[in-house]
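Sequential numbering from 1 along the given sequence is applied to the chain's residues.
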Amino acid sequence: MIQIGIDFGGTKIEAAALDATGRFLTRVRTPNPGNYDQAILDVRDLIARAEQEAGASGTIGIGTPGSISPRTGRMRNSNSTYLNGRTFREDLEVALGREIRMANDANCLALSEAVDGAAAGARIAFAVIVGTGVGGGLVVDGQIVEGANGIGGEWGHIPLPWMRGDEFPGPECWCGQRGCLDIQISGTGLTRDHTARTGHHLDGPAIIQAARRGAADATATVEAYVDRLGRAMALLVNVIDPDVFVMGGGMSNVEEIYDRLPDVIRRYTFADAWEGAIVPAKWGDSSGVRGAARLWAM
């Protein structure tokens with residue numbers, strides 16, 4: 001039997017069919033409609049198209065932004081806000097007439113990379129998603145760890161650790177708290193910090209390119225960013241000590257961070273040594289849909 005994965009993104013929804021070896025049989029996508037009822041129909045139709053093109057029916061796994069509350073069974077914390085408060089999994093199962101499995105999209109990336117990606121063979125793998133926002137996924141012994149309340153790995157809304165005088169209490173986050181990692185170590189946080197430092201607004205790629213050309217202000221911004229990211233990852237080392245950090249999101253494409261992060265992490269790790277791996281996701285943007293398809297293999 002084939003495996004169908006759905007990556008429910010903020011701008012597009014993708015369905016993919018994988019064979020038993022993880023090879024893509026087909027991939028189809030449609031824009032995110034911004035409407036709940038239409039989204040249900042679009043997911044249903046994408047699955048039908050994927051199975052038709054693959055020539056077989058399969059299990060169905062869905063990676064979503066946000067998560068399902070174990071208490072209510074309803075979606076929460078999704079940036080596709082029309083999903084919040086809805087019984088998304090149950091409504092899809094009614095539309096499809098079939099059972100599905102669903103997990104947070106960052107957990108799906110972590111699972112994909114732990115199965116046959118950059119973290120294959122690792123006992124503990126943590127996916128660090130640093131893009132427009134900050135997300136995380138934790139896989140231990142090939143199993144997603146969602147936790148008792150379904151928020152395992154959601155490190156984006158804890159405060160930046162080891163804050164210094166000029167960092168405290170941190171900028172206000174959209175969640176209502178201050179100093180959250182979501183706005184401190186995201187790509188958005190990089191641009192916000194550069195504007196605060198220089199008074200000039202540049203997007204993330206422009207800041208990185210300016211630093212590579214030797215611009216002092218951009219270099220200082222990037223160095224500060226790597227230091228904040230390293231402190232945040234050191235906190236994870238002190239709590240769960242993963243074998244491998246798998247990096248995803250737009251900031252994972254900045255090659256310089258892989259050389260610089262280990263030294264920062266070591267400074268804040270409560271141990272005599274730290275030799276964990278920090279690697280980019282092998283499957284890149286495909287990890288989410290691959291991990292969703294693999295939810296039935298857990």
Side-chain angles (χ1 to χ4, degrees), residues 106 109-110 113 118-119 122 124-139 153-171 173 177-198 204-205 207-212 215-281:
L109 184 148
E113 294 296 324
I124 304 174
F126 192 91
V128 171
I129 316 299
V130 278
T132 303
V134 173
L138 176 61
V139 171
E154 286 290 355
W155 69 318
H157 294 281
I158 60 175
L160 178 70
W162 297 286
M163 279 191 183
R164 292 154 190 161
D166 61 343
E167 294 174 330
F168 187 83
C173 181
Q177 305 296 332
R178 299 191 70 94
C180 291
L181 296 178
D182 194 76
I183 53 172
Q184 298 269 46
I185 61 171
S186 59
T188 306
L190 176 74
T191 60
R192 180 198 57 77
D193 185 52
H194 188 73
T195 301
R197 287 170 177 275
T198 68
I207 295 169
I208 299 301
Q209 290 303 319
R212 287 171 178 167
D217 56 354
T219 298
T221 297
V222 173
E223 289 177 351
Y225 174 83
V226 172
D227 184 73
R228 291 194 302 272
L229 178 58
R231 279 183 271 161
M233 292 170 67
L235 177 66
L236 292 172
V237 172
N238 288 337
V239 176
I240 58 174
D241 198 12
D243 303 83
V244 180
F245 285 109
V246 179
M247 308 295 292
M251 294 303 295
S252 71
N253 297 317
V254 181
E255 296 176 1
E256 291 87 344
I257 68 174
Y258 296 96
D259 291 332
R260 301 178 188 179
L261 279 172
D263 286 342
V264 179
I265 293 172
R266 290 185 188 104
R267 288 201 298 271
Y268 294 95
T269 298
F270 191 61
D272 59 344
W274 179 77
E275 300 299 333
I278 306 171
V279 294

Looking at every heavy atom in both [X] and [Y], which two are closest together, and how far apart are they?
X      : Y      : answer
Gly153 : Phe126 : O-CZ, 3.6 Å
Ile207 : Ala218 : O-CB, 3.6 Å
Ile265 : Gly230 : CG1-O, 3.6 Å
Ala110 : Ala127 : CB-CB, 3.7 Å

Show the atom names and distances, to 0.1 Å, of all donor-acceptor pairs under 3.5 Å that link a side chain in residues 233-246 to residues at least two apart or in another chain.
{"residue": "Asn238", "atom": "OD1", "partner": "Phe270", "partner atom": "N", "Å": "2.9"}
{"residue": "Asn238", "atom": "ND2", "partner": "Tyr268", "partner atom": "O", "Å": "3.1"}
{"residue": "Asp243", "atom": "OD1", "partner": "Arg123", "partner atom": "N", "Å": "3.4"}
{"residue": "Asp243", "atom": "OD1", "partner": "Ile124", "partner atom": "N", "Å": "2.7"}

Exercise. Nearest 0.5 Å please: distance from the CD atom of Gln177 over to the CD1 atom of Ile158.
Key: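 The distance works out to 12.5 Å.
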
Quiz item: Nearest 0.5 Å, what's the CG-CG distance between Leu229 and Leu160?
Solution: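 Between atom CG of Leu229 and atom CG of Leu160 there are 10.0 Å.
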
Quick one: list whatever passes side-chain contact (heavy atoms from CB on, under 4.5 Å) with [X], sequence neighbours left out.
X      : answer
Pro171 : Ile183, Gln184, Arg192
Tyr258 : Met247, Ser252, Ile278, Pro280
Ile208 : Leu190, Arg212, Val222, Val254

Quiz item: Can any side-chain N or O of Glu113 pair as donor or acceptor with the backbone N or O of Ala119 at less than 3.5 Å?
Solution: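 Not a single qualifying donor-acceptor pair exists.
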
Quiz prompt | Short side-chain to backbone donor-acceptor contact, Thr191 and Gly204, under 3.5 Å | solution =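 No.
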
Close side-chain approach of [X] to [Y], heavy-atom, < 4.5 Å:
X      : Y      : value
Tyr225 : Asp193 : no
His157 : Cys173 : yes
Ile129 : Val134 : no

side-chain hydrogen bond (donor to acceptor under 3.5 Å, both in side chains) against [X], all qualifying residues, sequence neighbours excluded:
X      : value
Arg178 : none
Thr221 : His194
Glu167 : Arg231
Thr195 : His201

Quiz item: For Glu255, which residues count as a salt bridge (charged side-chain N to carboxylate O under 4.0 Å, His left out) partner, sequence neighbours excluded?
Solution: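 Residues passing salt bridge (charged side-chain N to carboxylate O under 4.0 Å, His left out) with Glu255: none at all.
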
Quiz item: Which pairs, with at least one residue in residues 266-275 and sequence neighbours excluded, count as a salt bridge (charged side-chain N to carboxylate O under 4.0 Å, His left out)?
Solution: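 Residue pairs with at least one partner in residues 266-275: Asp227-Arg267, Asp263-Arg266, Arg266-Glu275.
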
